[in-house]
Number of protein chains: 2
Amino acid sequence: MNPNAQVSRISKGKRTEIRRENERVILDAAEKVFAEAGYGGATMQLIADMAGLPKANLHYYFPTKEALYRQVVRNIFEIWLHAADTFDEAPGPVEGIGGYIEAKMAISRRHPFGSKVWASEVMHGAPVIQDYLETTLREWTAGRMAVIQRWVDEGKMAPVDPRHLLYMLWAMTQHYADFGHQIETLNGGRPLSDAQWREATETVKAVILRGIGVV
Amino acid sequence: MNPNAQVSRISKGKRTEIRRENERVILDAAEKVFAEAGYGGATMQLIADMAGLPKANLHYYFPTKEALYRQVVRNIFEIWLHAADTFDEAPGPVEGIGGYIEAKMAISRRHPFGSKVWASEVMHGAPVIQDYLETTLREWTAGRMAVIQRWVDEGKMAPVDPRHLLYMLWAMTQHYADFGHQIETLNGGRPLSDAQWREATETVKAVILRGIGVV
DNA sequence: GTCTATAAATCGATAGAC
DNA sequence: GTCTATCGATTTATAGAC
């Protein structure tokens with residue numbers, strides 16, 4: 001019997017589909033385990049159990065634990081980047097910054113694990129995505145700072161330092177994901193309801209938009 | 001020869017002093033290593049090297065890695081708690097909340113490792129200090145929310161939800177410690193200067209105080 | 001109270017049958 | 001492409017001499 005028998009029984013397209021589906025299952029499990037246990041605390045066995053696969057299969061799809069982690073971080077980074085489309089198309093700070101806050105709060109609710117993995121990566125000195133910080137993120141930041149500065153120059157908002165305003169927006173919106181456990185505990189042990197998420201988003205928007213002098 | 005010979009050569013007070021000094025050195029090293037590597041990534045060997053002691057000595061002063069970690073987290077928690085003395089003695093939100101922002105920003109600069117250990121602990125579900133969240137922090141939060149609500153009722157500030165305002169203050173001030181590496185990278189790889197820390201603090205204060213309608 | 005040596009457990013990664 | 005068994009390295013913790 002040929003040990004490669006399955007190669008001839010399963011089409012190339014089928015194998016590609018199996019690979020894509022397994023990679024997705026593994027990445028979802030890895031994101032959760034890395035978020036809840038940290039990189040050092042996460043084990044391939046834990047991720048394998050969460051994904052419902054034998055541990056060896058993880059090494060078949062991702063050569064090392066670090067390669068798997070790297071892919072998780074990259075996926076999150078992509079989500080962050082596209083959260084600011086509202087920024088570029090907005091006529092002014094009310095729509096631009098208000099919309100950015102709404103988009104980032106929605107991401108915090110939808111991708112809490114990804115946000116935590118990102119926070120953990122940065123807190124530990126960005127050993128894996130340092131090059132991204134120095135290239136992509138730096139350019140992204142410079143572009144948005146320019147937009148904010150233009151609004152200031154046009155008199156559309158109070159003269160606020162664009163850099164620190166961006167940091168404030170990142171901090172407040174990601175806090176609801178990264179410190180979600182603390183917020184949940186202070187909410188009587190219950191996750192925030194739809195109404196409470198709306199309340200949080202509206203409060204952040206109200207304070208910031210008033211704080212930059214546009215309402 | 002008596003193996004306890006040193007007991008008779010060293011006084012009880014001297015031994016207490018040695019213990020206190022060694023515990024301090026170990027705790028300082030542990031705070032830094034836990035912050036930079038995470039709980040799972042930190043090893044007793046790394047902490048011992050950082051402290052300049054043999055690994056076995058750590059186990060002499062702290063029975064387990066978890067007990068050492070627990071003490072590090074507790075120390076940080078105490079620092080957080082006393083950061084809000086300005087809150088209680090202030091006549092209004094300008095001094096109270098403005099002073100709180102200044103105090104928290106100063107702590108972020110002075111204790112960046114502690115802030116990161118706390119953030120990491122909360123992000124991973126607070127396995128060690130969950131009871132503190134449910135008791136001390138909950139009471140602390142309720143007390144400050146009452147003060148803010150009183151200011152709102154007295155017309156001293158705009159009607160802003162006290163709970164989410166507190167979360168915003170925590171998020172923005174701690175961001176400068178927890179995401180310090182990212183901020184440093186976006187600052188050309190250099191730590192923030194004295195002037196830049198002042199600028200950051202003033203920007204946060206200006207936006208928040210204007211945002212709650214007191215300036 | 002200090003330190004070396006080591007026991008006991010765990011983890012990342014791989015070999016090799018299927 | 002799947003899975004069991006296991007190797008080799010690392011880690012927490014301790015034993016025991018000094």
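- The stretch residues 52-65 of chain A touches DNA chain C through A/Lys55, A/Ala56, A/His59, A/Thr64, A/Lys65, each having a heavy atom under 4.0 angstrom from the strand.
- In this structure, A/Glu21 places its CD atom 13 Å from P of D/dG1, rounding to the nearest Å.
- With contacts defined as side-chain heavy-atom distances shorter than 4.5 Å, the pair B/Met172/B/Tyr167 does not qualify.
- Nucleotide D/dT11 holds its C1' atom 16 Å from the CD atom of B/Glu66, rounded to whole Å.
- Nearest heavy atoms, B/Thr185 versus A/Gln130: OG1-NE2, 3.4 Å.
- For the residue pair A/Thr203/B/Asp161, the side-chain donor-acceptor check at 3.5 Å is not satisfied.
- Taking every heavy atom of residues 22-46 of chain A and every atom of DNA chain C, pairs under 4.0 Å involve A/Ala42, A/Thr43, A/Met44, by number.
- Taking 4.5 Å as the limit, some side-chain heavy atom of B/Glu31 sits within range of a side-chain heavy atom of B/Ile76.
- Checked by atom type, the side-chain pair B/Glu66/B/Tyr39 shows no donor-acceptor distance below 3.5 Å.
- Spacing between atom OH of B/Tyr69 and atom P of D/dT12 amounts to 15 Å, rounded to whole angstrom units.
- A donor-acceptor pair is defined here as one N or O able to donate and one able to accept, closer than 3.5 Å; such a pair exists between the side chain of B/Asn187 and the backbone of B/Arg190.
- A side-chain donor-acceptor contact under 3.5 Å links A/Tyr100 and A/Trp170.
- Other residues, nucleotides and ligands contribute more than 12 heavy atoms inside 6.0 Å of the CZ atom of A/Arg19.
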